[in-house]
Amino acid sequence: MDTMIKVCGMTEADNIRNVDVLGVDMIGFIFYPKSPRYLYQIPRYLPTLAKRVGVFVNETKENIHMYADRFGLDYIQLHGDESPEYCRTLHSNGFRIIKAFSIALPKDLLAVSDYEGFCDYYLFDTRTARYGGSGQQFDWNILQRYTNSTPFLLSGGINPYSVKALKEFHHPRLAGIDINSRFETSPGIKDVERIERFLGELKIKN
């Protein structure tokens, strides 16, 4: 399975280092104060192998510039109600953008077209009543209706037992998968061995 792996919501230096050396493609840091995985200060270690992704919810563009500079972010992930114009402005300023969309029904894909050309990736997550993930999986079959050109990351409740379903899910724009709470020992602390086993099982051919 030749897809990128993004590990999101990390907070602690040694834990970040141990995940970084596993060979994942992206590590995400959440800069949303209401999240239990909120990163409020720079850890002693930041990824040197994986790309650094900053996750924001309805943040000001000025603060995004500040965080991007301070943490050396490679991507900006927008998980709120950010408009296409907001994304266009950041993208035109040189930021690589991942825009998250909450999915529960096929109609939830309709808004995606308005962001075409302003984002490097979309991220499709499970719809919840609040911002952020739920640890639950949505019906991936809905994404067969997605026909835009922007590649996407698949998120929402992916866990160590999702390998079979991931191998059976095919879409020409699938670029990677995003894992978070189902691979934790506590909020913000990842189970490194669980992630390593998961990565190994994904690479086993059917």
Side-chain angles (χ1 to χ4, degrees), residues 3-9 25-35 37-38 51-69 71 73-158 166 169-181:
T3 56
M4 297 188 302
I5 305 294
K6 175 174 173 280
V7 181
C8 200
D25 300 280
M26 298 177 174
I27 292 179
F29 303 104
I30 297 176
F31 301 111
Y32 179 51
K34 294 183 180 180
S35 170
R37 298 165 186 84
Y38 173 52
K51 299 294 186 184
R52 304 174 188 180
V53 181
V55 181
F56 301 91
V57 176
N58 300 330
E59 188 56 83
T60 66
K61 286 176 277 194
E62 293 76 17
N63 278 347
I64 286 180
H65 277 268
M66 180 270 291
Y67 278 108
D69 182 62
F71 286 82
L73 300 178
D74 298 292
Y75 286 90
I76 304 299
Q77 180 175 317
L78 303 173
H79 226 289
D81 305 310
E82 298 87 4
S83 68
E85 176 61 21
Y86 182 99
C87 294
R88 186 198 66 77
T89 301
L90 287 178
H91 202 251
S92 66
N93 287 338
F95 288 110
R96 288 182 280 186
I97 304 296
I98 301 171
K99 179 69 181 86
F101 294 90
S102 299
I103 306 297
L105 299 168
K107 66 179 182 179
D108 294 327
L109 288 171
L110 294 177
V112 172
S113 296
D114 294 337
Y115 293 79
E116 199 71 11
F118 308 144
C119 303
D120 297 87
Y121 297 100
Y122 297 140
L123 182 143
F124 295 133
D125 200 357
T126 306
R127 178 171 292 284
T128 64
R130 51 187 169 73
Y131 299 113
S134 65
Q136 303 300 313
Q137 183 178 314
F138 67 94
D139 181 4
W140 296 347
N141 290 322
I142 293 172
L143 298 183
Q144 298 306 331
R145 299 174 181 239
Y146 175 70
T147 58
N148 294 73
S149 61
T150 301
F152 68 86
L153 305 178
L154 182 63
S155 186
I158 295 172
L166 286 167
F169 177 75
H170 300 285
H171 193 288
R173 292 291 177 261
L174 175 64
I177 62 174
D178 176 275
I179 63 175
N180 192 343
S181 62

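Predicted model only: the values in this text are computed from it and were never measured. Heavy atoms only: backbone and side chains are in, while hydrogens, waters and symmetry mates are out.
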Could you measure the distance from the [atom1] atom of [X] to the [atom2] atom of [Y]? Nearest 0.5 Å is fine.
X: M4; Y: D25; atom1: CE; atom2: CG; result: 6.0 Å
X: L166; Y: I177; atom1: CG; atom2: CD1; result: 5.0 Å
X: L90; Y: K61; atom1: CG; atom2: NZ; result: 6.5 Å
X: I98; Y: Q77; atom1: CD1; atom2: CD; result: 5.0 Å
X: Q144; Y: H170; atom1: CD; atom2: NE2; result: 9.5 Å
X: W140; Y: L154; atom1: CH2; atom2: CG; result: 5.0 Å

Less than 4.5 Å apart, any side-chain heavy atom of [X] and any of [Y]?
X: I103; Y: L109; answer: yes
X: H91; Y: D120; answer: yes
X: L73; Y: F95; answer: no
X: I97; Y: Y115; answer: no

Practice item. Tell me whether the guanidinium CZ or amine NZ of K34 lies under 6.0 angstrom from the six-membered ring centre of Y38 and within 45° of its axis. Key: no
Check your understanding: Does F152 have R173 sitting over its ring (NZ/CZ under 6.0 Å from centre, angle to axis within 45°)?
Key -> no
Exercise for review: Quick one: which residue pairs count as a salt bridge (Lys or Arg N to Asp or Glu O under 4.0 Å) with a foot in residues 101-115, not counting sequence neighbours?
Suggested key: D108-R127
Could you pull out the closest heavy-atom pair between [X] and [Y], with the gap in Å?
X: N93; Y: H65; value: ND2-NE2, 3.7 Å
X: N58; Y: E82; value: N-OE2, 2.8 Å
X: G9; Y: I30; value: CA-CD1, 3.8 Å
X: C119; Y: K99; value: SG-CB, 3.7 Å
X: Y86; Y: I64; value: OH-CD1, 3.1 Å
X: I142; Y: P106; value: CG2-CA, 3.7 Å

Check your understanding: Yes or no on side-chain contact (heavy atoms from CB on, under 4.5 Å) for Y121 and K6, after CA distance, side-chain angles and deciding distance?
Key -> CA-CA 12 Å; Y121 297 100; K6 175 174 173 280; over 6 Å; no
Review point. So, N148 side chain and T150 main chain: donor-acceptor pair closer than 3.5 Å or not?
Key: no
Practice item. Under the ring-ring contact (aromatic ring centres under 6.0 Å, His included) rule, collect the residues that match up with F71, sequence neighbours excluded. Key: F31
Practice item. Not counting sequence neighbours, which residues clear side chain to side chain contact (heavy atoms under 4.5 Å, CB included) with R88? List them please. Key: E85, S92, F118
**Study point:** Parallel, tilted or perpendicular: ring planes of Y122 versus F124, cut at 30 and 60 degrees
**Key:** tilted
Review point. Would you say the ring centroid of F29 lies under 6.0 angstrom from that of Y67?
Key: no
